[in-house]
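Both ligands and their constituent atoms are indexed starting at 1 by order of listing. For the numbers below, each heavy atom of this structure counts, side chains included, while hydrogens, waters and symmetry mates do not. Remember, it's a predicted structure, so these values are computed and weren't measured experimentally.
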Amino acid sequence: MWGGRFSEQVDALMAQFNNSFSFDRRMWREDIRGSIAWARQLARVGIISAEERDTLVDGLNMVYAEFAEGRFEVRETDEDIHTAVERRLGELVGTVAGKLHTGRSRNDQVATDVRLWTLGAIRRIDDGLRALQKALLAQAETAGTALMPGYTHLQRAQPVLLAHWLLAHFWPLQRDRERLADCAKRTATLPLGSGAIAGTPLMVDRTALAAELGMTTISPNSIDAVSDRDFIAEFLFCAALIGTHLSRLAEDMIIYSSAEFGFVTLADAYSTGSSLMPQKKNPDSFELLRGKAGRLTGDLIAVLTVLKGLPSAYDKDLQEDKEPLFDAADTLELALPVAAGAVATARFHPDRMRAALDDAMLATDLADYLVARGVPFREAHYITGRLVREAEQRGVALSALPLEVFLAAHPVCEPDVLQVFDFDRSVATRRVPGATAPEAVDEQIAQARRCVEER
Ligand code: ARG
């Protein structure tokens with residue numbers, strides 16, 4: 001490929017070190033698509049004849065078929081996907097293959113391939129996110145008005161609708177989808193035509209090239225274009241945050257499925273047993289989902305670290321961008337459907353959740369009762385706190401304190417104060433958009449439905 005300038009063979013270990021075919025071969029579709037589009041431009045600007053163009057395109061389609069059918073035979077000298085495709089094209093169509101690389105460099109070629117590949121990955125991950133959203137939404141619809149304890153600091157806080165908690169895991173995924181869509185906009189920029197650094201001397205129509213490859217803009221600067229990997233860093237940030245969101249969902253599911261909580265039972269299909277303890281049923285699906293956040297974050301850090309301190313334009317360091325990219329995409333393409341399946345098949349136990357509600361979770365409602373009767377919130381908070389302590393000292397539930405104790409707590413208290421000790425009532429009072437009252441959650445469900453339906 002660059003043999004003309006060299007008099008010595010490359011060292012065997014160096015060749016192995018330099019080789020990227022083992023991992024960049026998976027960009028064969030994108031590489032061949034890009035080359036077909038490039039061949040058309042070469043004919044347009046008169047570098048090759050229409051006949052030569054057709055020979056190249058036919059040959060590239062043959063190479064495509066070899067990859068598609070698993071027939072492509074790699075040679076030791078195939079340094080990367082770009083050289084492998086060109087080498088095979090030469091074997092199939094002869095010397096005209098040597099014209100394909102005119103006015104192009106592997107620098108703009110690889111940047112184009114990776115962008116095309118990333119756009120495909122974004123589409124697949126969006127599908128995976130949507131499937132998980134649908135599973136959460138279906139469970140939320142099934143949950144109806146079932147209540148559960150809402151936790152802050154993992155301590156019982158206030159009653160909420162089970163559907164409300166489920167949807168708390170829906171919206172982060174919606175933001176992930178929006179972030180990926182935004183990342184796709186910048187990814188769909190065409191570097192081809194930038195050559196190695198200075199731009200191609202051929203008057204190719206870059207806008208037409210972009211359109212043919214499904215991209216929306218062309219890069220404005222060839223030096224930037226061959227080194228810009230922002231889209232990979234952005235994609236990996238999106239992936240790392242998705243991993244973080246999955247880990248939070250997973251953590252909730254893991255603790256809620258423990259015997260101590262008993263709020264949910266995971267399907268056998270998403271659990272595994274223990275080789276030693278016959279009684280064990282472990283939430284491995286969710287534990288792995290939680291664990292994958294680590295490698296996704298690692299992929300992001302790996303690429304940011306490679307990029308840091310590089311001079312402008314192309315450097316071989318950039319070859320290190322692909323494995324973390326592929327790893328993150330592969331990880332999510334498997335993790336998201338597993339998460340969707342594990343959520344869809346989980347059985348929630350509203351009876352157990354309801355049994356875990358305790359009166360102290362209505363202390364805020366008691367304070368709200370006082371506030372509604374003109375007591376400043378800080379004072380109401382203090383009075384209620386004293387009542388909670390009193391109940392604790394007597395070893396009874398807050399609602400089981402004698403009525404006189406409440407009446408003595410503050411002059412505004414009347415016998416109807418005991419009505420605050422009703423979990424359904426508590427939830428029903430939180431009616432603003434985004435709150436946990438059944439009507440507000442119905443509204444939220446309708447909004448969520450629109451998110452998974454629109455395309
Ligand atoms: N395999 C290389 C990569 O992934 C392709 C670009 C090589 N360019 C070069 N000037 N050596 O980055």
Next item on the list: State whether the number of non-hydrogen atoms from other residues, nucleotides or ligands found under 6.0 Å of Lys316 atom NZ is greater than 12.
Entry: yes

Next item on the list: Can you sort out which atoms of ligand 1 are near Asn107, meaning under 4.0 Å from one of its heavy atoms?
Entry: 8 (N), 9 (C), 10 (N)

Check: Would you call Arg179 and Asp176 a salt bridge, taking side-chain N to carboxylate O under 4.0 Å as the test?
Finding: yes

Next item on the list: Name the closest protein heavy atom to atom 11 (N) of ligand 1, giving the residue it belongs to and the distance to 0.1 Å.
Entry: Arg106 NH2, 3.4 Å

Notebook entry, point to check: Is any side-chain N of the basic residue among Glu453 and Arg450 closer than 4.0 Å to the acidic one's carboxylate O?
Noted result: no

Note to self: Tell me the protein heavy atom at minimum distance from atom 6 (C) of ligand 1, and give that distance in Å.
What the structure shows: Tyr314 OH, 3.4 Å

Note to self: Using a 4.0 Å cutoff against the non-hydrogen atoms of Gln319, which atoms of ligand 1 qualify?
What the structure shows: 1 (N), 2 (C), 3 (C), 4 (O), 12 (O)

Check: Hey, is Lys281 close enough to Asp268 for a salt bridge, meaning N to O under 4.0 Å?
Finding: yes

Check: What atoms in ligand 1 come closer than 4.0 Å to a heavy atom of His82?
Finding: 5 (C)

Item checked: Beyond-backbone contact of Tyr270 with Pro283, side-chain heavy atoms, under 4.5 angstrom -> no

Item checked: Residue Asp80 vicinity, atoms of ligand 1 by number, heavy atom under 4.0 Å -> 1 (N), 2 (C), 5 (C)

Next item on the list: May I ask you to decide whether Arg75 forms a salt bridge with Asp78, counting only side-chain N to carboxylate O separations under 4.0 Å?
Entry: no

Note to self: When you measure from the heavy atoms of Lys322 to every atom of ligand 1, does any distance fall below 4.0 Å?
What the structure shows: yes

Item checked: Per-atom contacts, ligand 1 versus Ser20 - under 4.0 Å to a heavy atom -> 1 (N)

